[in-house]
There are 2 protein chains.
Amino acid sequence: MDSGVKKPGVTSSEVARRAGVSQSAVSRTFTPGASIAPKTRAKVLAAAKELGYRPNAIARSLITNRSRIIAVVMAYLENLFYPDVLEELGRLLAKEDYRLLLFTGFMDRDSDPVFDQLMQYRVDGIVLASTSLSSELSEECAAAGIPVVLFNRTTERDAVSSVTTRNHEGGRRIAEFLVAGGHKRFGYISGLESSSTNRDRFGGYQEALAAAGHTDIIIEVGNYDRAEAETAARKMLSRPDRPDAIFVANDHMAVAVMDIARHELGLSIPEDLSIVGYDDVGPARWTSYGITSMSQPLKRMVEATVAILMDQIASGEIEAEHRILNGELVVRTSAKMPKAGVVELDGRRIYRPGRG
Amino acid sequence: MDSGVKKPGVTSSEVARRAGVSQSAVSRTFTPGASIAPKTRAKVLAAAKELGYRPNAIARSLITNRSRIIAVVMAYLENLFYPDVLEELGRLLAKEDYRLLLFTGFMDRDSDPVFDQLMQYRVDGIVLASTSLSSELSEECAAAGIPVVLFNRTTERDAVSSVTTRNHEGGRRIAEFLVAGGHKRFGYISGLESSSTNRDRFGGYQEALAAAGHTDIIIEVGNYDRAEAETAARKMLSRPDRPDAIFVANDHMAVAVMDIARHELGLSIPEDLSIVGYDDVGPARWTSYGITSMSQPLKRMVEATVAILMDQIASGEIEAEHRILNGELVVRTSAKMPKAGVVELDGRRIYRPGRG
DNA sequence: CAGACTATTGCATACGTATGCATAATTGGA
DNA sequence: TCCAATTATGCATACGTATGCAATAGTCTG
């Protein structure tokens with residue numbers, strides 16, 4: 001038996017009338033730092049509570065030209081790394097009194113329709129996780145004064161801010177670890193070939209393997225997708241000259257590869273095959289997998305992301321900033337251990353060759 | 001060298017001037033179904049493109065009293081079930097031209113601060129996943145004409161809409177399955193004890209076990225949390241009279257329980273111990289786990305959720321609607337198979353006792 | 001070609017809030 | 001106690017869009 005349409009909601013003018021003050025006084029009551037007498041403030045708050053008043057953020061945004069909304073674009077959530085990122089982002093943004101508008105389900109392609117939506121809602125900032133941005137669009141953002149941060153991606157032109165880890169170094173480290181483990185034939189299951197993370201990780205891997213005299217790497221494409229990684233693993237592991245060590249470009253795929261290796265092909269890990277992954281995400285820590293993996297310091301990455309956004313929003317200066325963080329190779333049971341270089345740190349085993 | 005503040009953005013009046021028409025004409029051009037001549041429309045679109053105009057959704061919301069934003073509150077994303085839900089929700093809402101404002105990181109407690117935020121942004125609807133709502137708040141929503149849907153939860157008073165599966169029946173089915181599998185001692189690792197899902201699942205389990213003459217169930221609390229589930233498993237499985245069958249209230253915990261059972265306590269699954277979970281979420285399907293699990297038809301649940309929201313937004317009638325969907329017991333390798341009742345369906349093995 | 005419509009258009013206003021400015025109230029000091 | 005300095009307050013307006021209403025242009029019928 002409702003009126004059939006959304007109720008208008010209590011306005012500041014109604015509260016003002018009730019409290020016997022002006023609408024301005026109500027506004028100032030809810031504006032931190034505004035000039036308002038404690039007595040009036042109390043009257044207003046009382047009236048507001050009686051009427052169930054809440055400031056209309058939409059109307060406020062219209063006049064302040066700030067929505068206090070950050071748009072987050074994530075290609076997919078299947079890989080637990082991203083939900084983790086999302087949760088942490090939500091936490092930190094909430095702390096800064098920002099809301100999170102989520103856009104998902106759009107694969108790596110530059111996503112124009114999504115972009116239109118963002119811009120229409122006049123978001124105060126944009127986080128692009130596992131997605132890139134065409135140069136026109138990023139220029140448009142800059143022109144509009146909207147900060148953009150690429151999370152776990154970079155573009156060649158350094159025009160847009162980014163937060164990443166040392167992927168190249170990570171690839172190197174993994175190669176050194178596997179070489180030190182005595183492996184002879186090396187495989188790589190790649191992520192999205194167009195992504196900077198994939199290029200860098202593979203680049204470092206290849207470089208360090210070459211330095212150790214291994215120039216032939218068996219490569220299959222997994223595109224950061226579980227199903228494709230399974231296919232890639234089947235193909236790679238049924239070769240007569242199958243590798244005895246595989247670097248899988250992220251843990252999400254590494255899990256799939258381990259399942260195929262063990263349960264479909266009957267291989268023992270790490271006896272027959274060593275697997276190293278990337279991200280150090282949840283399932284990597286589950287004892288069924290225990291994946292040796294390059295960690296990405298998720299919390300610090302998110303912190304950096306939010307810091308960049310807040311800085312640029314506050315200053316209005318949109319100049320690309322690049323934060324590159326360090327990861328560690330967390331050693332577990334999915335790969336043979338080298339004779340030396342594995343140290344204990346904060347209760348984790350870390351590979352730190354050549355130091356102590 | 002930027003101006004130090006967010007640019008105002010192109011307005012409809014600017015476009016109007018450029019196109020030589022009134023602001024109304026611009027508005028009508030971007031309002032589907034409005035009365036506008038094709039010729040003028042073309043002029044406006046041309047001018048809009050030249051200036052890079054995008055309608056300001058904030059200003060539009062102010063006047064239409066519709067934000068086209070749906071708030072989604074999720075307690076935690078650690079359980080992959082919820083990211084999956086989120087992704088599907090995002091997809092369907094986008095199809096209906098709605099955006100998704102995400103609130104996360106607030107555990108099951110009725111979350112008033114979050115609620116304030118929602119209301120301030122005048123969201124057109126609210127989805128509460130794995131979270132409940134105090135009666136005052138739900139009444140406030142109803143009064144404001146804002147539809148609310150509880151996803152995978154219900155309240156005792158049926159005042160607020162909900163989408164669930166037959167949890168009670170699911171618990172029964174699991175009990176029947178385990179009894180048919182020849183088990184003698186039964187355990188239960190519970191979810192959040194305050195949640196309706198937990199109550200219902202356990203209720204059905206207990207009831208059906210009692211009907212089969214088993215009245216003593218060993219219970220530990222897992223609170224839908226991985227770490228707590230691990231502790232619970234350790235405790236339960238180190239008892240001298242440890243169960244030979246455990247129903248774990250969801251797959252997220254079941255994974256942890258299996259890890260503990262196998263790798264910490266050296267038990268073989270399902271030889272020494274049968275495990276059944278709930279949700280049929282990603283990791284349950286990974287061959288390392290292969291969890292026998294009651295499925296929740298995620299896509300249909302999300303469809304129902306969006307349908308309820310759209311209905312109520314369109315009609316303005318906020319009357320509680322309850323959609324209860326069916327799941328299936330998907331049989332994998334984590335529990336002993338009964339002699340009969342397991343059938344093949346759509347490439348999955350399903351437990352359907354007493355029928356064919 | 002006139003008359004009766006219908007399809008377009010512009011004008012003016014409203015949405016709910018924030019804020020510069022001028023005025024009123026208060027405070028503090030001597 | 002009185003004046004100056006400070007703090008509170010209200011008025012009026014602006015933010016960018018949608019929309020009822022009246023006016024105009026366009027179309028069709030006979």
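This is a predicted model, so every value here is computed, not measured. Proteins come first, then strands; the chains are lettered A, B, ... in the order of their sequence lines, and each starts at number 1.
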- prompt: Are A:D124 and A:R68 within salt-bridge range, i.e. N to O under 4.0 Å?
  reply: no
task: Would you jot down, in residue-number order, the residues of residues 11-19 of chain B having a non-hydrogen atom under 4.0 Å from DNA chain D?
output: B:T11, B:S12
- request: Would you mind reporting whether A:Y121 and A:I69 have side-chain heavy atoms less than 4.5 Å apart?
  value: no
Set of side-chain hydrogen bond (donor to acceptor under 3.5 Å, both in side chains) partners for [X], sequence neighbours left out:
{"X": "B:Q117", "value": "A:R99"}
{"X": "B:R54", "value": "A:D116, A:E140"}
{"X": "A:R323", "value": "A:E321"}
{"X": "B:E87", "value": "none"}

Which is true for [X] with a 4.0 Å heavy-atom rule: it touches a base, it touches only sugar-phosphate, or it touches nothing?
{"X": "A:V26", "value": "nothing"}
{"X": "A:I58", "value": "nothing"}
{"X": "B:I63", "value": "base"}
{"X": "B:T40", "value": "sugar-phosphate"}

task: Report the residue (A:R60 or B:P38) whose heavy-atom-nearest nucleotide on DNA chain C is the more 5′ of the two.
output: B:P38
query: A:R91: what forms a salt bridge (Lys or Arg N to Asp or Glu O under 4.0 Å) with it, not counting sequence neighbours?
result: A:E88
N/O contacts under 3.5 Å, protein versus nucleotides 20-22 of chain D?
none

- line: Quick note, side chain to side chain donor-acceptor pair (under 3.5 Å) partners involving residues 39-50 of chain B, not counting sequence neighbours, are B:R18-B:E50
field: For B:T154, side chain to side chain contact (heavy atoms under 4.5 Å, CB included) partners two or more places apart
entry: B:S162, B:T164, B:S196, B:H322
- prompt: Between which nucleotides of DNA chain C, 5' to 3', does chain B make heavy-atom contacts below 4.0 Å?
  reply: C:dT8 to C:dG16
Under 3.5 Å, side-chain donor or acceptor atoms of residues 23-36 of chain B against the rest of the protein: list the pairs with distances, not counting sequence neighbours.
| unit_1 | atom_1 | unit_2 | atom_2 | d |
| --- | --- | --- | --- | --- |
| B:Q23 | NE2 | B:S12 | OG | 3.4 |
| B:T29 | OG1 | B:A25 | O | 2.8 |
| B:T31 | OG1 | B:S27 | O | 2.8 |

For residues 296-309 of chain B, please give each side-chain donor-acceptor pair under 3.5 Å, one per line with the distance, not counting sequence neighbours.
| unit_1 | atom_1 | unit_2 | atom_2 | d |
| --- | --- | --- | --- | --- |
| B:Q296 | OE1 | B:T165 | OG1 | 2.6 |
| B:Q296 | NE2 | B:N152 | OD1 | 3.4 |
| B:Q296 | NE2 | B:D279 | OD1 | 2.9 |
| B:T305 | OG1 | B:M301 | O | 2.8 |

